[in-house]
Amino acid sequence: MTDRMPRPSPRTRRTSMQLTERALGATTLGAAPRRVDVIVVGGGSAGCVLANRLSADPQTSVLVLEAGRADLIVDPIIHMPAALPFGIGNPLYDWKYESEPEPHMNNRRIYHARGKVLGGSSSINGMIFQRGNPMDYQRWAADPGMETWDFAHCLPYFTRMETCLAGADAWRGGDGPLILERGPAANPLFGAFFAAAQEAGYPLTDDVNGYRQEGFAAFDRTIHRGRRMSAARAYLHPVMRRPNLHVRTLATVTRVRFSGTRAVGVDYVALGQRHTVEAGEVILAGGAINTPQLLQLSGVGDPKLLRPFGIDVVSGLTGVGDHLQDHLEVYVQHASRLPVSIAPGLKWRNRPKLAADWLFFRTGLGATNHFEGGGFVRSNDEVDYPNLMFHFLPIAIRYDGSSPIRGHGYQVHIGPMYSDARGTCTIRSTDPRVKPSLRFNYLSTDQDRREWIEAIRVARDILSRPALAAYNAGEISPGPAVETDQEILDWVRADAETALHPSCTARMGVDEGSVLNPTTMGVHGTTGLRVVDASAMPYVTNGNIYAPVIMLAEKAADLIAGNAPLAPSDAPWYNHRAGSPLDPPLAPPARQPAGSPA
């Protein structure tokens with residue numbers, strides 16, 4: 001007789017593991033294969049698109065490996081739009097990155113949320129859908145080798161990916177997988193804000209994602225029928241049952257395997273077990289932080305960084321982890337004289353009703369992200385296209401749900417879009433579980449500091465206009481004590497947060513510092529290895545980056561599959577310098593003293 005428990009049979013062990021995976025939100029449709037045609041590392045925004053488009057060919061087997069868990073349909077923190085503050089900072093939903101102490105931000109560590117579930121950050125973001133300005137893609141295409149990434153070549157992929165419920169036209173799609181609803185912006189504070197912007201000399205526009213971005217308007221949101229429309233819901237779940245598509249969550253890829261310079265598979269860990277999968281193609285889609293980390297761990301990166309860790313160099317690309325870009329933002333907040341904000345509905349005593357309205361009817365304050373309108377403007381007459389983005393919110397509140405006042409208020413989220421500061425993302429250990437070192441170098445350049453001063457002054461000008469006078473009970477933050485240029489910069493250093501748009505750490509191009517071939521998405525110096533995510537962007541766009549990442553993945557899927565690219569669009573777009581056939585140039589913003597007649 002023995003006191004040792006009998007070992008479970010292999011079948012019992014497999015059943016136990018599958019039950020554990022389901023309890024933790026894992027997704028396993030059949031046994032994980034040992035060899036596939038394509039491995040997609042990362043089930044975030046780009047990874048979901050790739051999984052859908054590449055598995056459309058039944059002869060191509062695709063395996064998606066996602067380190068986070070499944071986006072369970074019963075989880076309101078993911079699917080209720082207004083619950084977005086509860087996912088950010090929660091380790092069940094968020095990887096919780098932090099920067100190194102930023103030398104120009106009072107040595108603060110800037111918190112960076114990244115999605116830890118299927119859909120990636122599209123499952124925890126603010127659901128604001130912004131394509132960026134057409135001039136963003138003209139800037140991309142101006143770099144050598146990037147000619148097919150101009151707006152004419154990108155617009156067809158923007159339209160292919162979306163169903164814009166506000167209406168399809170030459171600029172907007174009508175039958176794509178990502179369904180977009182236009183914010184109603186019905187709260188009277190939105191109307192007053194739009195009127196105040198006009199009084200300050202800024203125009204309204206029909207659609208910031210259409211013919212003319214510049215101006216103020218209601219925003220498109222990735223919300224449909226009261227639920228978040230993440231990349232997983234739009235692209236992955238509708239095709240999850242394809243026999244040639246395999247999705248595994250709670251699976252952390254630890255390195256790309258090479259034979260010489262050819263990628264031949266990956267190693268990953270799932271529930272404590274090590275696995276190896278072979279593949280004809282490996283595509284990294286982990287985002288601007290995880291992708292350079294995995295490249296470096298796998299021997300692709302700056303030899304001066306890799307060799308001290310004992311990592312054999314496969315391709316000595318100095319640009320891996322370099323060129324890091326992001327957007328910072330602050331909240332300019334006002335108290336409201338009139339009880340018109342949404343603050344009462346979000347109080348704890350009213351949350352049961354909010355939850356019930358959403359759960360049973362998909363209506364009410366829970367069914368919107370509340371970022372229903374805003375705009376894009378030029379802070380001065382020297383910039384060619386909008387360099388400031390505004391998000392208006394009919395409540396004074398921070399992302400974590402904290403509020404500086406007990407009563408009613410409103411705010412704008414504001415920040416420059418084209419900082420010339422550049423940062424780095426580098427490994428600090430050979431252990432994949434150790435997060436990489438992130439340094440963004442916010443506020444490190446003269447341009448960055450100048451545009452921050454302009455941004456705050458433009459925001460204050462709009463918020464002090466007569467159209468908002470009936471509501472304006474005074475500025476809460478930064479407050480009247482912050483007035484001079486130096487005081488503004490000091491406040492930004494102390495108060496600014498990331499807008500959560502890290503990008504450009506494995507950028508496309510053909511110059512010495514680039515990482516990816518723009519015509520194949522292949523990693524320079526290797527074969528069988530590609531990157532498709534925000535790290536591939538050469539420059540960050542002037543808005544939220546979810547839409548550009550989906551577009552990039554749609555276009556890359558055709559490049560990878562060998563499909564004929566979509567024909568370039570001939571739709572015109574607004575350019576205030578060159579003019580256009582549809583619209584006269586906008587007049588420069590009127591620089592009138594705040595409070596004077598428009």
Side-chain angles (χ1 to χ4, degrees), residues 22-25 68-94 113 115-119 121-129 163 165-166 178-191 218-234 237-238 336 338-373 391-411:
R22 281 197 287 270
L24 291 173
R69 59 191 182 84
D71 57 333
L72 300 177
I73 192 68
V74 295
D75 191 337
I77 290 180
I78 293 175
H79 302 294
M80 179 194 288
L84 69 96
F86 297 99
I88 294 175
N90 185 327
L92 292 175
Y93 303 87
D94 179 3
K116 197 177 181 181
V117 295
L118 276 181
S121 295
S122 75
S123 290
I124 67 168
N125 68 8
M127 292 155 279
I128 302 166
F129 184 88
T163 294
L165 297 182
L178 192 64
I179 303 174
L180 306 173
E181 292 184 359
R182 187 71 47 85
N187 187 290
L189 285 167
F190 280 104
F219 279 170
D220 292 318
R221 294 95 39 80
T222 52
I223 296 171
H224 181 49
R225 295 178 178 172
R227 294 184 62 207
R228 176 192 293 271
M229 178 59 71
S230 69
R233 288 289 146 192
H237 288 285
S336 175
L338 300 178
V340 294
S341 78
I342 61 173
L346 300 185
K347 291 184 179 297
W348 280 105
R349 66 175 180 269
N350 293 323
R351 289 185 181 182
K353 181 181 185 307
L354 181 153
D357 287 344
W358 180 81
L359 182 62
F360 297 111
F361 307 107
R362 298 289 190 264
T363 60
L365 291 178
T368 175
N369 61 344
H370 303 291
F371 292 106
E372 297 177 359
H391 297 154
F392 183 80
L393 198 61
I395 186 174
I397 195 169
R398 299 192 75 89
Y399 249 120
D400 62 6
S402 62
S403 174
I405 59 171
R406 293 181 178 273
H408 291 268
Y410 51 92
Q411 68 190 38

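Because the structure is a prediction, the values reported are computed rather than measured.
- Between Leu359 and Pro76 there is no side-chain heavy-atom pair separated by less than 4.5 Å.
- Taken to the nearest 0.5 Å, the CG atom of Asn350 stands 9.0 Å off from the CG atom of Leu365.
- The shortest side-chain heavy-atom distance between Met80 and Leu354 falls under the 4.5 Å cut-off.
- In terms of modelled atom types and a separation under 3.5 Å, the side chain of Asn187 and the main chain of Val340 share a donor-acceptor contact.
- The two residues Val117 and Ser123 come nearest to each other via the heavy atoms CG2-CB, 3.4 Å.
- For Asp71 and Arg228, the salt-bridge test fails: no basic side-chain N is under 4.0 Å from an acidic carboxylate O.
- By the 4.5 Å heavy-atom criterion applied to side chains, Leu180 and Thr222 are counted as neighbours.
- Judged by distance alone, the side chain of Gln411 and the main-chain N or O of Ile397 form a donor-acceptor pair under 3.5 Å.
- Under the 3.5 Å distance criterion, with hydrogens and angles disregarded, no donor-acceptor pair is assigned to the side chains of Ser336 and His408.
- Closest non-hydrogen pair, Pro85 versus Ala82, comes out as CD-O, 3.3 Å.
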Query raised in the report: Would Phe392 and Phe190 count as a ring pair (Phe, Tyr, Trp, His ring centres under 6.0 Å) if you check the C-alpha gap in whole Å, the side-chain angles of each, and the deciding distance to 0.1 Å?
Result: CA-CA 7 Å; Phe392 183 80; Phe190 280 104; 5.2 Å; yes
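- Using a 4.0 Å cut-off between charged nitrogen and carboxylate oxygen, Lys116 and Asp94 do not count as a salt-bridge pair.
- In this structure, His370 and Ile395 have side chains that are not in contact, with every pair of non-hydrogen atoms separated by 4.5 Å or more.
- With rounding to the nearest 0.5 Å, the separation of CZ in Arg233 from NE2 in His79 is 4.5 Å.
- A cation-pi contact links Arg69 to Tyr93, judged by a cut-off of 6.0 Å to the six-membered ring centre and 45° from its axis.
- The salt bridge (charged side-chain N to carboxylate O under 4.0 Å, His left out) pairs that include a residue from residues 353-365 are Lys353-Asp357, where partners are two or more places apart or lie in different chains.
- To the nearest 0.5 Å, the span separating CG on Leu178 from NE2 on His224 amounts to 11.0 Å.
- Considering CG of Leu84 and OG1 of Thr368, their distance stands at 9.5 Å, rounded to 0.5 Å.
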